Amino acid sequence: MGDAMKVEVQDIEKLIEMDGYLKPFEREIRRRHGVLKDWIAKIDQCEGGLEEFSQGYKYYGLHFQPDNSVIAREWAPGARDVYLTGDFNNWQWESHPYKKLPFGKWELHLPANQDGSAPIKHLSEIKVIIRNQHGQLLDRLSPWAKYVVQPPKSANQGVNYKQYVWQPPEGERYKRQHSRPARPKSLRIYECHVGIASQEPRVGSYDEFADRIVPRIKRQGYNCIQVMAIMEHAYYASFGYQVTSFFAASSRFGNPEQLKRMIDVAHAQGLYVLLDVVHSHASKNVQDGLNQFDGTNSCFFHDGARGEHSLWDSRLFNYTEHEVLRFLLSNLRWWHDEYNFDGYRFDGVTSMLYHSRGIGEGFSGDYNEYFGLNVDTDALNYLGLANYMLHKLDPEVITIAEDVSGMPTLCRPVSEGGIGFDYRLGMAIPDKWIELLKEQTDDQWDIGNIVHTLTNRRWMENTVAYAESHDQALVGDKTIAFWLMDKEMYTHMSTVSDSSIIIDRGLALHKMIRLITHALGGEAYLNFMGNEFGHPEWLDFPRVGNNDSYHYARRQWNLVDDDLLKYKYLNEFDRAMNELEERFGWLHSGPAYVSWKHQSDKTIHFERAGLVFVFNFHPTQSFSDYRVGTNWAGTYQAVLSSDDPLFGGHNRIDMNCKHQSDPWGHAGRSNFIQVYTPCRTAVVYARISE
């Protein structure tokens with residue numbers, strides 16, 4: 001990166017031009033941006049620039065030298081002494097002390113053995129020993145550990161993770177065979193979890209995911225996978241959100257080389273691979289994690305109340321600390337450079353900006369909240385710094401913010417005074433669908449409110465739309481399919497069983513909800529693994545409360561693979577929907593124009609990417625010769641119908657029928673076509689001639 005990492009800040013007038021409501025807060029935007037520039041200047045002056053600063057993993061941790069000697073370094077500012085112990089010294093805790101360096105750094109040199117071999121071997125077990133200021137000796141895992149493993153229950157060695165040196169012989173290291181695919185113009189994301197991808201009631205593996213699941217994702221028409229729970233987490237049921245070892249790939253699923261292969265296989269299939277990264281907080285776990293690493297309550301975190309997240313029972317990073325920034329930025333570089341991840345979804349962005357100061361939950365939309373004292377500007381500065389570094393390092397990288405606040409400028413480039421994310425999650429959309437399914441029958445749905453929810457996003461700040469994610473699948477909630485069909489899914493999903501009004505309604509609305517979210521809700525689309533075919537029931541990881549059962553911590557692929565079950569209909573519609581988007585590219589074509597939203601008819605019409613979308617949510621009423629406005633004159637033909645028998649529909653749409661536009665106009669559009677729109681059906685029309 002070198003000189004390219006120097007900040008070149010343009011004027012923020014572009015931001016204000018896009019949103020005039022930002023004008024009163026111009027001074028605060030400039031001030032925040034000035035803090036970011038100051039940090040980068042400080043890093044340039046003290047560390048030789050972000051290029052070197054963001055590769056802390058090459059300095060800290062364990063490093064084998066060309067002569068087979070080993071250098072170990074740690075940052076433990078609160079420690080009185082630091083030692084390294086393990087198999088290599090028969091677990092003598094104090095026999096190998098580190099030398100204290102300035103700024104809380106510690107260093108240890110281990111010479112090669114007399115025979116020239118390394119003093120520490122591949123898969124040797126090691127621990128860092130900290131003597132705190134009270135003289136107590138504490139055993140810790142290195143924050144820079146690359147491979148940590150929980151002992152099997154049969155070993156009777158407790159539950160604490162063990163750090164093993166990962167330094168495999170050259171012949172055992174995975175070599176990349178495929179280049180990264182081009183960055184997708186339209187991002188269609190498959191959110192997934194390696195451990196629950198197994199059909200059997202057990203933890204799945206990286207190899208199984210590469211060989212069995214990646215081909216499924218490719219066939220469904222997705223071009224990106226967002227992988228959860230890769231950063232090591234001692235508590236499996238945390239879904240990966242209570243990270244304990246930030247540089248270690250979860251050993252539950254395999255070893256680091258197997259993860260590298262999984263990503264390479266995904267790249268071979270043309271899939272971008274995003275990592276779910278958790279830098280908003282860290283596990284409180286002391287024995288397995290970062291908490292109290294140096295024997296104090298601070299180190300990587302704020303001390304006192306500001307360092308505690310009461311709702312998540314976790315620790316909050318001190319983003320003003322030089323070495324904490326090095327640790328977190330290096331963590332992003334590590335997953336990109338070592339494993340070849342193509343980008344990140346940043347978890348808990350809203351919480352970073354709001355909960356860090358204990359100010360409660362949520363933003364009301366008042367701009368004073370976004371640019372006032374209730375925002376943690378230290379966390380905001382870190383996010384800007386992270387995005388700036390990542391996009392300078394790799395212009396093709398993708399970053400997504402898990403943000404429900406709607407903070408302005410979050411998804412605008414740092415060069416404009418923004419925070420630099422490429423996308424934010426449209427988290428209000430799944431909440432709206434669950435609210436409707438939970439509290440109302442579909443004849444009560446407010447059509448205008450649905451359209452508002454799907455289109456209510458910031459101009460020129462990209463949104464990832466989704467009808468449901470892993471959050472809705474967790475125990476205590478229900479997926480859309482289960483809200484719609486519930487216990488009927490156990491008895492009436494067979495293609496040879498008696499017909500069921502509940503199943504018929506459920507299939508129809510499941511398809512409509514997903515299509516209108518896909519086409520109207522954003523500039524990217526996300527689906528959680530299994531929801532594309534209406535996976536029944538919920539997710540529940542093995543824990544004490546369910547007798548450590550894996551029954552609900554898996555995906556029942558047999559349901560969609562069985563030709564006698566109706567899950568195949570939803571799966572085929574999902575694939576057809578993605579394929580149509582690939583053909584016309586509505587996600588990257590600009591926002592849709594909604595010309596029609598009729599409450600009593602329950603109909604919605606909009607145009608996007610040269611297509612005309614017609615939705616009829618009415619439970620019983622179909623309409624003949626229904627006028628649909630369009631600005632493009634010509635002849636139209638249906639290219640996708642949710643009522644197609646291939647998708648479990650009733651075949652009420654003639655896919656060969658041609659619709660000639662009328663120039664008299666309708667609904668504020670210069671032309672209209674007349675169509676048959678059956679109840680609970682969505683149809684997409686394309687212009688086949690002018």
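If you're wondering where the values come from, they're calculated on a predicted model, not measured in any experiment.
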Does [X] reach the side chain of [Y], with side-chain heavy atoms less than 4.5 Å apart?
X      : Y      : value
Leu646 : Tyr569 : no
Tyr272 : Ile398 : yes
Ser405 : Tyr354 : no
Thr603 : Ile447 : no
Glu208 : Ile213 : no
Gln637 : Met655 : no
Thr620 : His618 : yes
Ile450 : Trp445 : yes

Could you note down all residue pairs passing salt bridge (charged side-chain N to carboxylate O under 4.0 Å, His left out) where [range] supplies at least one of them, sequence neighbours left out?
range            : answer
residues 437-452 : Asp442-Arg505, Asp442-Arg680
residues 585-607 : Glu607-Arg669
residues 513-538 : Arg457-Glu523, Glu468-Arg514
residues 612-640 : none

Rounded to the nearest 0.5 Å, what separation is found between the CG atom of Leu410 and the CG atom of Leu353?
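Between Leu410 CG and Leu353 CG, I get 7.0 Å after rounding to 0.5 Å.
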
Straight-line distance of Tyr21 OH to Ile16 CD1, nearest 0.5 Å
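The CD1 atom of Ile16 is 14.5 Å from OH of Tyr21, to the nearest 0.5 Å.
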
Residue Gln444 excluded, over 12 heavy atoms near CD under 6.0 Å:
yes

Other residues, nucleotides, ligands: >12 heavy atoms within 6.0 Å of Tyr490 OH
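Counting neighbours around OH of Tyr490, more than 12 heavy atoms of other residues, nucleotides or ligands fall under 6.0 Å, so yes.
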
side-chain contact (heavy atoms from CB on, under 4.5 Å) assessment of Tyr367 paired with Leu22
CA-CA 8 Å; Tyr367 276 35; Leu22 291 173; 3.8 Å; yes

Main-chain N/O of [Y] paired to [X] side chain as donor or acceptor, under 3.5 Å:
X      : Y      : answer
Arg412 : Met460 : yes
Glu461 : Tyr423 : no
His598 : Ile604 : no
Arg554 : Leu539 : no
Gln674 : Ser624 : no
Thr517 : Tyr466 : no
Thr350 : Gly348 : no
Glu416 : Leu15  : no
Thr479 : Phe482 : yes
Ser642 : Ala682 : yes

So, for [X] and [Y], which heavy atoms are closest and what is the spacing to 0.1 Å?
X      : Y      : answer
Ala266 : Val273 : CB-CG2, 3.7 Å
Cys411 : Asn462 : SG-O, 4.1 Å
Val464 : Tyr525 : CG1-C, 4.2 Å
Ile653 : Ala638 : CG2-CB, 4.3 Å
Gly629 : Ser595 : O-OG, 4.1 Å

Salt bridge (Lys or Arg N to Asp or Glu O under 4.0 Å) between Glu572 and Arg219, worked out
CA-CA 10 Å; Glu572 287 303 309; Arg219 181 188 178 276; 2.8 Å; yes

Do Tyr370 and Phe25 have ring centres separated by under 6.0 Å?
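Not close enough - the centres of the two rings lie 6.0 Å or further apart.
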
Near-ring test Tyr626/His605, centroid separation under 6.0 angstrom:
yes

Does the pair Arg183/Asp342 count as a salt bridge with the N-to-O cut at 4.0 Å?
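Looking at Asp342 together with Arg183, the answer is no, because their closest N to O distance does not fall below 4.0 Å.
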
With a 4.0 Å cut-off, would you call Lys566 and Asp504 a salt bridge?
no

Let's go through Asp662 and Asn671 carefully: what are the C-alpha distance in whole Å and the side-chain angles of both, what is the deciding distance for side-chain contact (heavy atoms from CB on, under 4.5 Å) to 0.1 Å, and is it a yes or a no?
CA-CA 5 Å; Asp662 189 302; Asn671 302 275; over 6 Å; no

Among all residues two or more places apart in sequence or in another chain, which pass the side-chain contact (heavy atoms from CB on, under 4.5 Å) test with [X]?
X      : value
Asp563 : Lys568
Ser186 : Arg188, Glu581, Leu587, His588
Glu17  : none

Could you walk me through whether Ile400 and Asp422 pass the side-chain contact (heavy atoms from CB on, under 4.5 Å) check?
CA-CA 6 Å; Ile400 301 172; Asp422 297 294; 5.9 Å; no

Can you name the salt bridge (charged side-chain N to carboxylate O under 4.0 Å, His left out) partners of Asp561, sequence neighbours left out?
Arg216

Assign the ring pair Tyr567 / Phe533 to parallel, tilted or perpendicular, where the plane angle (0 to 90°) is split at 30° and 60°.
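The rings of Tyr567 and Phe533 stand perpendicular, inter-plane angle above 60°.
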
Candidates Tyr593, Trp586, Tyr636 - the one meeting ring-ring contact (aromatic ring centres under 6.0 Å, His included) with Phe613:
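Among the candidates, only Trp586 passes.
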
For Val684 and Val614, what are the C-alpha separation, side-chain angles and deciding distance, and is it a side-chain contact (heavy atoms from CB on, under 4.5 Å)?
CA-CA 6 Å; Val684 184; Val614 179; over 6 Å; no

Which residue pairs satisfy the ring-ring contact (aromatic ring centres under 6.0 Å, His included) criterion with at least one member in residues 662-690, sequence neighbours excluded?
Trp596-His666, His659-Tyr685

Qualifying side-chain hydrogen bond (donor to acceptor under 3.5 Å, both in side chains) pairs with a residue from residues 493-503, counting only residues at least two apart or across chains
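Every pair satisfying side-chain hydrogen bond (donor to acceptor under 3.5 Å, both in side chains) with a residue in residues 493-503: Glu488-Ser500.
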
Under the rule for side chain to side chain donor-acceptor pair (under 3.5 Å), what residues qualify as partners of Asn387, not counting sequence neighbours?
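For Asn387 the side chain to side chain donor-acceptor pair (under 3.5 Å) partners, ignoring immediate neighbours, are Thr399.
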
Name all residues meeting the side chain to side chain donor-acceptor pair (under 3.5 Å) criterion together with Asp276; count only those two or more places apart in sequence or in a different chain, and write none if there are none.
Tyr241, Arg345

Criterion side-chain contact (heavy atoms from CB on, under 4.5 Å) against Cys192, the qualifying member of Phe528, Phe209, Tyr222:
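Of Phe528, Phe209, Tyr222, side-chain contact (heavy atoms from CB on, under 4.5 Å) with Cys192 is met by Phe209 alone.
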
